[in-house]
Amino acid sequence: MKKELNGVNIELITGDITNQPDCKAVVNAANAELMPGGGVAGAIHSAAGPELAKACRPLAPISPGEAVITEGFNLPNPFVIHTLGPIYGIDKPEDKLLQNCYLNSLKVAEEKGLDSVAFPAISTGAFGYPIKPAAEIALRTLVEMTGNLKSVKSIRMVLYSQQDFEVHETI
């Protein structure tokens with residue numbers, strides 16, 4: 001699914017966040033220490049190589065909702081934007097913190113002058129955020145931001161499963 005709003009393309013796909021060669025940056029659903037872990041963070045660190053963890057060390061720790069940027073190293077993307085999503089039921093207010101992940105990631109992309117960003121469904125894996133409310137927050141935030149973006153012209157949500165894609169598609 002693809003829509004254009006305020007000159008920005010927003011696209012939903014199922015796929016692998018580490019295989020988005022036409023995007024200038026991928027977003028890492030990181031842990032506070034920005035180190036390899038499970039899920040998206042594990043996949044991105046594995047694909048990028050050990051240099052990514054070295055580049056992340058001086059930027060950590062980050063708090064829920066914050067975003068920082070590094071090189072992409074062995075990824076097909078020049079950059080990785082790392083954001084720490086909220087742990088559902090623990091980090092409060094989780095809806096505002098999740099919204100800030102998307103807002104701050106786009107802010108970092110704008111500051112770097114990037115034209116394209118690929119996002120995973122932040123906090124919906126090990127951090128336990130239910131997919132439907134997470135999708136509503138993500139898509140509402142991305143749509144609302146389109147009017148403020150100068151350099152970012154393409155936003156892609158890369159969803160891990162067909163089920164996640166179908167939930168996002170209905171919003």
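Numbering of residues begins at 1 and proceeds along the displayed sequence.
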### Query
Is there a donor-acceptor contact under 3.5 Å from the side chain of Asp16 to the main chain of Thr18?
yes

### Query
More than 12 non-hydrogen atoms from neighbouring residues, nucleotides or ligands closer than 6.0 Å to CD on Gln163, yes or no?
no

### Summary
So salt bridge (Lys or Arg N to Asp or Glu O under 4.0 Å) across residues 60-88, not counting sequence neighbours, yields none

### Message
Going by the rule side chain to side chain donor-acceptor pair (under 3.5 Å), which residues pair with Asn74 if we only count those two or more places apart in sequence or in a different chain?
### Response
none

### Task
May I ask whether Ile69 and Val26 are part of the same hydrophobic cluster, defined by side-chain heavy atoms of I, L, V, M, F, W, Y residues being less than 4.5 angstrom apart, directly or through others?
no

#### Entry: Common cluster, Met35/Phe73, ILVMFWY with side-chain heavy-atom separation under 4.5 Å
no

### Task
State yes or no: are the ring centers of Tyr102 and Phe119 separated by less than 6.0 Å?
yes

### Query
Between Ile62 and Leu59, what is the shortest heavy-atom contact and its length?
CG2-O, 3.6 Å

### Message
If we ignore hydrogens and angles and just use 3.5 Å, is the side chain of Asn77 paired with the main-chain N or O of Gln20 as donor and acceptor?
### Response
yes

### Query
Taking side chain as C-beta onward, heavy atoms only, is Leu84 less than 4.5 Å from Phe127?
yes

### Thr83 side chain reached by Val108 side chain, heavy atoms, under 4.5 Å
no

#### Entry: Salt-bridge present (Glu94, Lys92; N to O < 4.0 Å)
yes

### Task
Taking all heavy atoms of Val158 and all of Ala118, pick out the closest pair and write down the distance.
CG2-CB, 4.0 Å

### Task
Take Gln99 and Lys96 through the test side chain to side chain contact (heavy atoms under 4.5 Å, CB included) and record every step on the way to the result.
CA-CA 5 Å; Gln99 179 184 35; Lys96 184 69 174 156; 3.5 Å; yes

#### Entry: Minimum side-chain heavy-atom gap Leu34-Arg57 below 4.5 Å
no

### Minimum heavy-atom distance between Ala30 and Ala41, given as atom pair plus value
CA-CB, 4.4 Å

### Leu142 side chain near Met157 side chain, heavy-atom distance below 4.5 Å
yes

### Query
Under a single-linkage definition using a 4.5 Å side-chain heavy-atom cutoff for Ile, Leu, Val, Met, Phe, Trp and Tyr, are Leu159 and Ile17 assigned to the same hydrophobic cluster?
no

### Message
Side chains of Ile155 and Glu11, heavy atoms from C-beta outward: is any pair under 4.5 Å?
### Response
no

## Note on the structure
In this structure, CD1 of Ile171 is separated from NE2 of His168 (nearest 0.5 Å) by 6.5 Å

### Task
Assess whether side chain to side chain contact (heavy atoms under 4.5 Å, CB included) is satisfied between Asn9 and Lys153, documenting all intermediate values.
CA-CA 6 Å; Asn9 286 314; Lys153 297 299 176 195; over 6 Å; no

### Task
Spell out, as yes or no, whether a donor-acceptor pair under 3.5 Å connects the side chain of Ser151 to the backbone of Leu114.
yes

### Message
If we ignore hydrogens and angles and just use 3.5 Å, is the side chain of Asp91 paired with the main-chain N or O of Ile87 as donor and acceptor?
### Response
yes

### Message
With a 4.5 Å cut-off on side-chain heavy-atom distances among I, L, V, M, F, W and Y, is there a chain of contacts connecting Ile44 to Val117?
### Response
no

## Note on the structure
Heavy-atom closest pair (Ala48 atom, Gly72 atom, distance to 0.1 Å) is CB-O, 3.6 Å

### Query
Rounded to the nearest 0.5 Å, what separation is found between the CD1 atom of Ile137 and the CG atom of Asp95?
5.0 Å

### Message
Show me the pairs that pass salt bridge (Lys or Arg N to Asp or Glu O under 4.0 Å) and involve residues 17-43, at least two apart or across chains.
### Response
Asp22-Arg156, Lys24-Asp115

### Query
Are Ile13 and Val27 co-members of a hydrophobic cluster defined by side-chain heavy atoms under 4.5 Å apart?
no

### Query
Taking Ser123 as the fixed residue, which of Pro130, Cys101, Pro86 is the one that meets the side-chain contact (heavy atoms from CB on, under 4.5 Å) rule?
Pro86

### Query
Any donor-acceptor pair under 3.5 Å linking the side chain of Asn100 with the backbone of Asn104?
no

### Message
I want to check something: taking the side chain as every heavy atom from C-beta on, are Ile10 and Met1 in contact at a cut-off of under 4.5 Å?
### Response
no

### Task
Would you check if Thr14 and Ser161 make a side-chain contact, meaning some heavy-atom pair closer than 4.5 Å?
no

### Task
Begin from the C-alpha positions of Asn28 and Ile81 and carry the test side chain to side chain contact (heavy atoms under 4.5 Å, CB included) through to its verdict.
CA-CA 6 Å; Asn28 178 17; Ile81 298 170; over 6 Å; no

### Task
Ignoring hydrogens and angles, tell me if any N or O in the side chain of His45 forms a donor-acceptor pair with the backbone of Gly38 under 3.5 Å.
no

## Note on the structure
The reported gap from CG in Leu12 to NZ in Lys3 (rounded to nearest 0.5 angstrom) is 9.0 Å

#### Entry: Min side-chain heavy-atom separation Val80-Leu75 under 4.5 Å
yes

### Message
Pair His82, Leu52 - check side chain to side chain contact (heavy atoms under 4.5 Å, CB included), show working.
### Response
CA-CA 11 Å; His82 309 266; Leu52 183 59; 3.9 Å; yes

